[in-house]
Number of protein chains: 4
Amino acid sequence: MTEATAEQRRRRILDAAVDCFAERGLHATTMQDICRRADTSPGAVYSWYPSKESIIDAIAAERHEHEIHLLATALADPDPRTALHSFLDAYFEWLSDPSERLRRRVSVQVWAESLVNDRLQPTVQEGIGQRSLAWDGIRAAQAAGAVTTAADADGMARLVLAVLQGFILQQAWEPDIDIEGYRRAANLVVDALAPPPGP
Amino acid sequence: MTEATAEQRRRRILDAAVDCFAERGLHATTMQDICRRADTSPGAVYSWYPSKESIIDAIAAERHEHEIHLLATALADPDPRTALHSFLDAYFEWLSDPSERLRRRVSVQVWAESLVNDRLQPTVQEGIGQRSLAWDGIRAAQAAGAVTTAADADGMARLVLAVLQGFILQQAWEPDIDIEGYRRAANLVVDALAPPPGP
Amino acid sequence: MTEATAEQRRRRILDAAVDCFAERGLHATTMQDICRRADTSPGAVYSWYPSKESIIDAIAAERHEHEIHLLATALADPDPRTALHSFLDAYFEWLSDPSERLRRRVSVQVWAESLVNDRLQPTVQEGIGQRSLAWDGIRAAQAAGAVTTAADADGMARLVLAVLQGFILQQAWEPDIDIEGYRRAANLVVDALAPPPGP
Amino acid sequence: MTEATAEQRRRRILDAAVDCFAERGLHATTMQDICRRADTSPGAVYSWYPSKESIIDAIAAERHEHEIHLLATALADPDPRTALHSFLDAYFEWLSDPSERLRRRVSVQVWAESLVNDRLQPTVQEGIGQRSLAWDGIRAAQAAGAVTTAADADGMARLVLAVLQGFILQQAWEPDIDIEGYRRAANLVVDALAPPPGP
DNA sequence: GATGAATGAGACTTCATTCAT
DNA sequence: AATGAATGAAGTCTCATTCAT
């Protein structure tokens, strides 16, 4: 069996799991549900993932990787003045992608799970990792005079992440939420922190 | 049995449940766990709450009531210029109360549960209710020229709530988070939306 | 619930388990089988024994206790000349008890299980314990000149136990085995080791 | 494929199975375990043995054949006076062979299995067969005046087998058991039954 | 002939809920 | 009104066996 086929099997299982978790939740979803949706058998699933937990882990890890990637890419922007805006732009693009909607719903559930499950803490709460990235970016921007020093970088990094986390939550609650309206409001925040260069 | 005694019984059960839910999560907590912590028996619990779900509902409802109260009180402020700041102040006071820490942890879990459980939607997502309150307040403030019109009230209302929701999440992850630092950053946001009256 | 009732419950479960184990074996017996035979539910069983393994352990322990008791009682005989015969008499009495037949069948299965399950080793192989008791008795008898010194006590202790273990096995295979015939042969052995006092 | 190659394949599978069964037991051993140890695939195994049970059967049969051979050879001894000793000598030689240790461990497990599995009864309990052989031998010896008639042949045959079965069990429990010591004790038994010719 | 991924029945165990005491 | 032993449906996971390649 080629690695490509293996990847395909894992992909199918993970996608099925995301569907189920989004629909019924992490705990109410049974392995049978996942099997049914992936159109396979328990044995087959267990040959790729050793437990239900490991499926949740894999989903969390994938999601985490994606977020780190988003942040790292944006902060690679050489101009600290625009890095924060770039990040927000990229993030909102993801938030606007309807095919990622289920994944975002699952994220909220993984947040909750990570509070009571040490296993997930390294992965999920390395939103801490995100924050530290954000923090670096903001400090660089402060040093460049691009970001206010009226609050410290740590608080601002958390704030920016909260603006996005809160939105993920609200969007999960109300799928038809007005993304653009929220985005405009969010940009006011970023402008407040990193005022766009004046005339 | 007087109503006062009854209230006391319910209180004990709910407090025990919050402890357990905060520690192990909504699903990993068993009724036995709750009984043990409340120092009572399953039968006794079931004579006050007809199901585990109803206990979760009661906790969610209590929490919801509290939030609505916080918001309503702040928005009762006759001066739209300061209402938003009042709200934030009151909210941060609650966020700083260590005895409420467990309750906040449970909130995150209830958020997740409400995504997959229609039963909780009216209660929890009436953050929608909150939002509508906030929205009213912000529109009033806009009308009074106290809040920018660069974004619409709905987006701003969501934003303010997101700033708080995101913080609840982050604080649940990191209990020792720097509240004051975050608060300063959050105030920058509110200032950006509702600039404090100039000289 | 009184301790007597509790004991009764455990007794019923253990007896049902012995029946099932004797009939189908340790592994082929399901918890459902045991429940059915004990006329109870899985939950009830699990409130007395935390696992299927623990039921096996309890049976092994009970059996072990009984054997130690048999041996200790016989060796309490102050006359080393007759102690060995007393022991054999008591043991054969047990071997002749038809109501203990199933228990003996289970013993054989526990022997096998103990070979691959560290958990049972202390209990089952403390046939070692038995042996050491037997060994003490035989040494005492040798010292008293009641037992030949043509072989050492350890080997003879093992031999006596083997004579009984082998018979348990053969009896499990052939329930209608001739006990008295075997007993006469076994007594020849003991006579060979501990010649009855001459005229 | 030559019969020699086929035999080699079966040999490898059986040897692997013995290793696994000795280590983990008949039931805890999976077909995968056997495949891994035999360095082959499930499909390959199934083309030689139609089921896991049939592997166990084959091992039991092999063992049985070996025992019958041992007994038959010894009883071929024309002198009834020495036949019993010959048998014991040959058997102890086998018991002393460390390369057969695992096989002896498996025997104990097969004993247990044969109690609950009709399939194995003909093979394993044809220790009955052994006994009948032993019985013939002993009766011949009794007739020749070489064996006491203080007990009947059946009981004595069982006794001799029990002495060996019990030792297999004890040796399985304690691999470092003192074989020679036991052997000396066992010889006392045989001497008791069949006193060596006097001077 | 060999491979090994897939199958799916069935095992052990948990836990929300009930009800006789 | 309280107790807590009992219930039993349902969940996760295993593994003997098959069959397309």
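- Phe21(B) places a side-chain heavy atom less than 4.5 Å from the side chain of Ile34(B).
- Sorted by first then second residue, the side-chain hydrogen bond (donor to acceptor under 3.5 Å, both in side chains) pairs that include residues 44-53 of chain B, not counting sequence neighbours, are Glu53(B)-Arg119(B).
- Arg9(C) is not listed as a side-chain neighbour of Thr40(C), based on a closest heavy-atom distance of 4.5 Å or more.
- In this structure, Asp33(C) atom CG and dG8(F) atom P are separated by 17 Å, rounded to whole Å.
- If you measure from atom CH2 of Trp48(A) to atom C1' of dC13(F), you get 18 Å, rounded to the nearest angstrom.
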TODO: Please test Thr123(D) against Asp57(D) for side-chain contact (heavy atoms from CB on, under 4.5 Å), starting from the C-alpha separation and ending with a verdict.
DONE: CA-CA 8 Å; Thr123(D) 306; Asp57(D) 293 352; over 6 Å; no
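- If Ala44(B) and Arg9(C) are placed on DNA chain F by their nearest nucleotide, the residue sitting closer to the 5' end is Ala44(B).
- Nearest-nucleotide positions on DNA chain E for Ser47(A) and Gly43(B) put Ser47(A) closer to the 5' end.
- Across the protein-nucleic acid pair, Tyr49(A) atom OH and dT14(F) atom P stand 17 Å apart, rounded to whole Å.
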- [ ] Go through Asp15(C) and Arg12(C) one step at a time and tell me if the salt bridge (Lys or Arg N to Asp or Glu O under 4.0 Å) criterion holds.
- [x] CA-CA 5 Å; Asp15(C) 287 346; Arg12(C) 175 141 75 192; over 6 Å; no
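- In Arg37(C), the CZ atom is crowded: over 12 heavy atoms of neighbouring residues, nucleotides or ligands sit closer than 6.0 Å.
- Under the rule for a salt bridge (charged side-chain N to carboxylate O under 4.0 Å, His left out), the partners of Arg10(A) that lie at least two apart in sequence or sit in another chain are Glu3(A), Glu7(A).
- For Arg101(C), the side chain to side chain contact (heavy atoms under 4.5 Å, CB included) partners are Arg104(C), Arg105(C), Pro175(C), not counting sequence neighbours.
- In the set dG8(F), dC13(F), dA2(F), the nucleotide with an atom closest to the side chain of Pro42(C) is dG8(F).
- OP1 or OP2 of dT7(F) lies within a sub-4.0 Å distance of a side-chain N or O belonging to Ser41(C).
- Within the 4.5 Å cutoff, the side chain of Ile55(D) has heavy atoms near those of the Val45(D) side chain.
- For Thr40(B), a side-chain nitrogen or oxygen approaches OP1 or OP2 of dT3(F) to under 4.0 Å.
- Between Trp111(C) and Trp173(D), the ring planes lie perpendicular to each other; the angle is over 60°, past the 30° to 60° tilted range.
- In this structure, Glu62(C) places its CD atom where more than 12 heavy-atom neighbours from other residues, nucleotides or ligands lie under 6.0 Å away.
- Of the residues in residues 23-31 of chain C, those with a non-hydrogen atom less than 4.0 angstrom from any atom of DNA chain E are Thr29(C), Thr30(C), Met31(C).
- Checked against dT12(F), dA16(F), dT7(F), the side chain of Tyr46(A) finds its nearest nucleotide in dT12(F).
- Protein chain C contacts DNA chain E over a range whose 5' and 3' limits, counting nucleotides with an atom under 4.0 angstrom from a non-hydrogen atom, are dA11(E) to dC15(E).
- Helix-axis bend for the helix from dA2(E)-dT21(F) to dT21(E)-dA2(F): the local axis fitted to the five terminal pairs at one end deviates from that at the other end by 10°, rounded to 10°.
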